[in-house]
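Computed over heavy atoms, backbone and side chain alike; hydrogens, waters and symmetry mates excluded. All of these numbers come straight from a predicted model, not from anything done at the bench. Within every chain, numbering begins at 1; the chains are lettered A, B, ... in the order of the sequence lines, protein sequences first and strands thereafter.
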Amino acid sequence: MQENLVIVESPAKAKTIENFLGKGYTVTSCMGHIRDLQKKDFGIDLEKKYQPKYVISPDKKKIVAELKKLAKGAQTVWLASDEDREGEAIAWHLKEVLKLDPERTKRIVFHEITKEAIQRAIENPRTIDENLVNAQQARRVLDRIVGFQVSPVLWKKVKPALSAGRVQSVAVRLIVEREREIINFKSETWYRVNGIFLAKDENGNPAELKAELSKRFPTKEEAYAFLEKCQSAEFTIANVTKKPAKRSPAQPFTTSTLQQEASRKLSFSVSQTMAVAQRLYEAGKITYMRTDSVNLSNLAINTAKQKITELHGEEYVKVRRYHTKSKGAQEAHEAIRPTYMENETVGGSAQEQRLYELIWKRTMASQMADAKLERTNVTISVSTAPEVFTATGEVIVFDGFLKVYMESTDDENGHGHGHGNGGQDIIPPLKANDVLSMSSVVATQRFSQRPPRFTEASLVKKLEELGIGRPSTYAPTITTIQNRNYVEKEDRPGVERKFDIITLKNGNISEATNTEITGAEKSKLFPTDIGMVVNDFLVENFEQIMDFNFTANVEKEFDDIAEGQKVWNEMIDKFYKPFHGQVEDVLKNSERSKGERILGTDPKTGKQVSVKIGRFGPVAQLGEASTEEDSEKPQFASLRTGQHLETITLEETLDLFKLPRDLGEYENKKVTVSIGRFGPYIRHDNKFVSLGKENDPFTVELDKAVELIEAKREKDRKAVIKVFDEEPELRVLNGRWGPYISFQKKNYKIPKKVNAEELTLEDCRKIIEEAPEPKGRRTRKKK
DNA sequence: CAGTGAGCGAGCTTCCGCTTGACTT
């Protein structure tokens, strides 16, 4: 009989701990929560004070059976789940489900995964903290109430299969509101003036001093006038100051900061980061990747110190202890760090290697000395004008942590567009009253930047700041709002923008107009039409849930429950009563929401032009539906990809009704052009030919269409490699991925070694016969 | 694949947080 059974949450942890405990202890894992509210019939008994109806999660049945067996054979069961709200609940569910005898059950928590810490935990067992468990039950019940009562309202009032929740709905709101800020953004313009002056460096060689005028000019005329003044001006150093400055390393990684940096530096999506981190964790190369702690173990700090000394010398070491600020953060957990600091690199896939390297550098830097800088500020006065030029230089005196790692920022506007920003590293030696000769003064038209769109990672950052969601849910939440089609991750090309440049050089002033690309986006989150409609509906009708502080407010109450100051189902009752009233009221009284926008009237027919969400997505409508008999039905046309309810104009909408267009006849059959799901196409003789990107369906002519039809026929001819007279249904075709066999509407792969040209009918039949049955069910949800 | 946009009604959808695989493309 096994004396002791220790149950932890994750199997990797179990393995480590078993090694520390040695004989007499079996360590196993329960893989997180083993029970949850039942999914059907709400899962909460509203008649019995919100009593939760728990069921064993289907994917945990096997684990529970195994745990039962092990617990039966153990003298003492040690519940060693995490020390937070969820962990406490896991311990309690285990106790309930495994029907553990209180006499032989002990609750322990580790503050660190070391032999000493575990030994200490074993020596200091406690009982399950019922208050903490109740705080978790309140959290769980509240989330179920919100999710399962608001979602059905959406099914009725907007569209079936939609969802709402405490976390996801607020995440969508952030993106929708940001998009509207961008739509309504009015760019301002001004003129920035940069001067290049001539000086001498330490060795007496010519050196440039780049400076920016402290004033921006709102108009071209004012900028021009200033340059005219500069023509005859004398430029004098008014002031030189030098100040020391320092920069400190960033904290070690948490889930959220890892996702951000992997996104910025490696272009990983948040779920990709988590999947790669999971593999590193399972291979024992990094510590646990779902954490909000910045704490490093003593062991980690010491080995980092050694490694830094070994690689860079002792002066680069600075031991720093980081503490997580957020309340209820788990000091038991550690920051994400390499398990063995001495390993600079690891094997594995390229992605694993890159993510590991990032984690290693960040951890190292966190224990390294500050970088010391010297900042120089120079002011240059202009004899003919009150404005001054300033130049700022920054020289690294001691690199410190910068030797290994520098955190990136999301600031996409930071480093201008190559028009000079007035800054430079090294400032030539100068002193006050030096007179400089001017090489050039350039006024450049600049524009204020619209707010940036969210990336997956910057959205996680924002959610974390708002206290919404947990390390284990950031990635799934981001995935959910994309799967529900509330949000899309997209690239968008920028647009060309013209800007003026006025240059003073060699005493002459010249003007020019340049162009630049602006507003290009890569992997940014855009709200969809349905996302916007759902968001507006929820903000209008469920303000409390959609409030950015809703989570923070209920968290305070959960804390009160955890401290025994509040009774959990009383707290839920206070929330539920008014909330449920609201749900009923909205169901009864609110209008169906279709996001309808009336754009104006069609000048030709005088009919109303509008857009809305239809059964099959966003649709434009010409004319109004009427209840009268024999009244004309309105015309409909789907919006094209890239067009949105919020931004489409009357003209763009009217264009949609110009299709399908009749181009005339070819071979006595009608040729028409239209736009379908896969873009613009030509229809002729019941065949379809894609128009491609280069041809506009609104202007394309018959000649071009015929050309495309012929090209398609030629391509189709080439597509057929072989036909057999005996079996007309069987053909060898050339597809996108090479040759394949088509038979009775099904396609079959040809083995790589086989030359498709030489296939006989017998060969083909054999391939079809031996083709593996398509396994498994098709996933119901399509993205 | 190249459309749809009327209405009825059955049966379904949905939350957040803990954890890993087991699946297919």
Side-chain angles (χ1 to χ4, degrees), chain A residues 8-14 29-37 39-40 42-44 57 59-60 62-63 81-82 84-91 93-94 136 139-156 159-169 275 278-279 281-282 288-290 468-477 480 484 545 551 594 612-622 625 627 633-638 659-660 672-684 686-691 737 774-781:
Chain A
V8 297
E9 288 181 43
S10 91
K13 215 167 164 181
S29 61
C30 65
M31 314 269 192
H33 277 294
I34 53 162
R35 281 205 302 190
D36 191 16
L37 299 176
K39 276 188 105 172
K40 54 170 192 188
F42 202 46
I44 301 166
S57 313
D59 56 330
K60 300 293 166 57
K62 249 175 95 176
I63 291 159
S81 47
D82 292 349
D84 57 8
R85 199 163 67 198
E86 299 296 329
E88 203 67 15
I90 288 171
H93 282 300
L94 283 168
Q136 193 274 345
R139 197 282 302 158
R140 181 68 192 89
V141 165
L142 180 106
D143 282 337
R144 171 56 64 84
I145 290 171
V146 171
F148 276 36
Q149 295 214 347
V150 178
S151 299
V153 177
L154 292 177
W155 306 342
K156 278 208 146 141
K159 214 177 116 171
L162 294 174
S163 68
R166 175 176 58 81
V167 174
Q168 58 168 281
S169 297
Q278 175 91 29
R279 287 202 294 277
Y281 166 68
E282 283 170 9
Y288 196 55
M289 64 286 157
R290 291 187 274 266
I468 299 171
R470 300 284 310 130
S472 67
T473 59
Y474 295 137
T477 300
T480 300
R484 296 264 172 282
I545 309 297
T551 293
K594 292 177 185 155
K612 65 176 186 186
I613 299 237
R615 268 208 293 160
F616 308 101
V619 67
Q621 184 178 338
L622 186 61
T627 45
K633 277 190 184 173
Q635 260 181 284
F636 294 94
S638 290
L659 298 175
T672 57
V673 55
S674 189
I675 294 172
R677 244 169 84 197
F678 307 101
Y681 64 92
I682 305 158
R683 184 174 189 155
H684 174 248
N686 276 330
K687 288 202 176 71
F688 299 92
V689 181
S690 172
L691 259 183
W737 295 287
K775 273 199 291 184
R777 59 245 123 86
R778 291 185 67 108
T779 36
R780 267 180 302 165
K781 276 170 226 153

Taking Watson-Crick and G-U wobble pairs with both distances under 3.5 Å, convert DNA chain B into its dot-bracket string, 5' to 3', dots for unpaired and | for cross-strand pairs. .........................
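- Closest-nucleotide positions on DNA chain B for A:Lys159 and A:Lys60 were compared, and the one nearer the 5' end corresponds to A:Lys159.
- Within the 4.0 angstrom heavy-atom criterion, base atoms lie near A:Ser151.
- For A:Gln621 (side chain) and A:Lys612 (main-chain N/O), no donor-acceptor pair under 3.5 Å exists by modelled atom type.
- OP1 or OP2 of B:dG17 lies within a sub-4.0 Å distance of a side-chain N or O belonging to A:Arg166.
- A:Arg166 pairs by the side chain to side chain donor-acceptor pair (under 3.5 Å) definition with A:Asp143, A:Thr551, not counting sequence neighbours.
- Take A:Ser163 and apply the side chain to side chain donor-acceptor pair (under 3.5 Å) test, not counting sequence neighbours, and it matches A:Gln168, A:Arg484.
- Take A:His33 and apply the side chain to side chain donor-acceptor pair (under 3.5 Å) test, not counting sequence neighbours, and it matches A:Glu86.
- Under the rule for a side chain to side chain donor-acceptor pair (under 3.5 Å), A:Lys159 has no partner lying at least two apart in sequence or in another chain.
- Here A:Gly43 lies out of heavy-atom contact (under 4.0 Å) with every strand.
- At a threshold of 4.0 Å, the pair A:Asp82-A:Lys13 counts as salt-bridged, since one of the basic side-chain nitrogens sits closer than that to a carboxylate oxygen.
- Side-chain proximity of A:Tyr681 to the nucleotides B:dC16, B:dA6, B:dG3 is greatest for B:dG3.
- Closest approach to the A:Lys39 side chain among B:dC16, B:dC15, B:dG5 is made by B:dC15 (side chain taken as heavy atoms from C-beta onward).
- Of the listed nucleotides (B:dC18, B:dT20, B:dC16), B:dT20 has the atom at the smallest distance from the side chain of A:Met31.
- Put simply, A:Ser472 has a side-chain N or O that comes within less than 4.0 Å of OP1 or OP2 on B:dC18.
- Rounded to the nearest 0.5 angstrom, A:Ser169 OG and A:Ile545 CD1 are separated by 8.5 Å.
- The shortest distance between the side-chain N/O atoms of A:Arg683 and the OP1/OP2 oxygens of B:dG3 is below 4.0 Å.
- Backbone-only engagement by A:Ala164 is indicated by non-hydrogen atom pairs under 4.0 Å involving sugar-phosphate atoms exclusively.
- Nearest nucleotide to the A:Glu282 side chain, out of B:dG17, B:dT14, B:dG21: B:dG21.
- Contacts of A:Phe688 classified as side chain to side chain contact (heavy atoms under 4.5 Å, CB included), with partners at least two apart in sequence or in another chain: A:Tyr681, A:Arg683.
- Residue contacts shown for A:Val167 are limited to sugar-phosphate atoms, with no base heavy atom under 4.0 Å away.
- Contact annotation: A:Ser163 side-chain N/O to B:dC15 OP1/OP2 distance is under 4.0 Å.
- Scanning atom types as modelled, one donor and one acceptor separated by under 3.5 angstrom connect the side chain of A:Arg139 and the base of B:dC16.
- Taken to the nearest 0.5 Å, the CG atom of A:Leu37 stands 5.5 Å off from the CD1 atom of A:Ile44.
- Checking the phosphate oxygens (OP1, OP2) of B:dC16, a side-chain nitrogen or oxygen of A:Gln168 falls inside 4.0 Å.
- If you check every strand for non-hydrogen atoms under 4.0 Å, A:Ser638 touches a base.
- Of the side-chain N and O atoms in A:Tyr474, none sit less than 4.0 angstrom from OP1 or OP2 of B:dC18.
- For A:Phe616, whose side chain is taken as the heavy atoms from C-beta onward, the closest listed nucleotide among B:dC18, B:dG5, B:dT20 is B:dG5.
- Contact between the side-chain N/O atoms of A:Arg290 and the OP1/OP2 oxygens of B:dT20 is found at a separation under 4.0 Å.
- Between the side chain of A:Arg470 and the base of B:dC16 there is no donor-acceptor pair of N/O atoms closer than 3.5 Å.
- Considering only side-chain atoms of A:Trp155, the nucleotide from B:dC18, B:dT20, B:dT14 that sits closest is B:dT14.
- Of the candidate nucleotides B:dT20, B:dG5, B:dT14, B:dT14 has the atom nearest to the side chain of A:Arg484.
- Looking at heavy-atom distances under 4.0 Å, A:Gly165 makes contact with sugar-phosphate atoms alone, never a base.
- For the OP1/OP2 pair of B:dG17 and a distance below 4.0 Å, the side-chain nitrogens and oxygens of A:Thr473 include at least one atom meeting the criterion.
- Using a 4.0 Å cut-off, no side-chain N or O of A:Gln149 falls inside it from OP1 or OP2 of B:dC15.
- The ring of A:Phe148 does not lie on top of the base of B:dC15; it is either too far (5.5 Å or more) or too tilted (30° or more).
- A:Gly469 comes within 4.0 angstrom of the backbone, heavy atoms only, and of no base.
- Residue A:Asp36 is classed as a base contact, given a heavy-atom separation below 4.0 Å to a base.
- Between B:dC18, B:dG3, B:dT14, one nucleotide has an atom nearer to the side chain of A:Phe688 than all others, and that is B:dG3.
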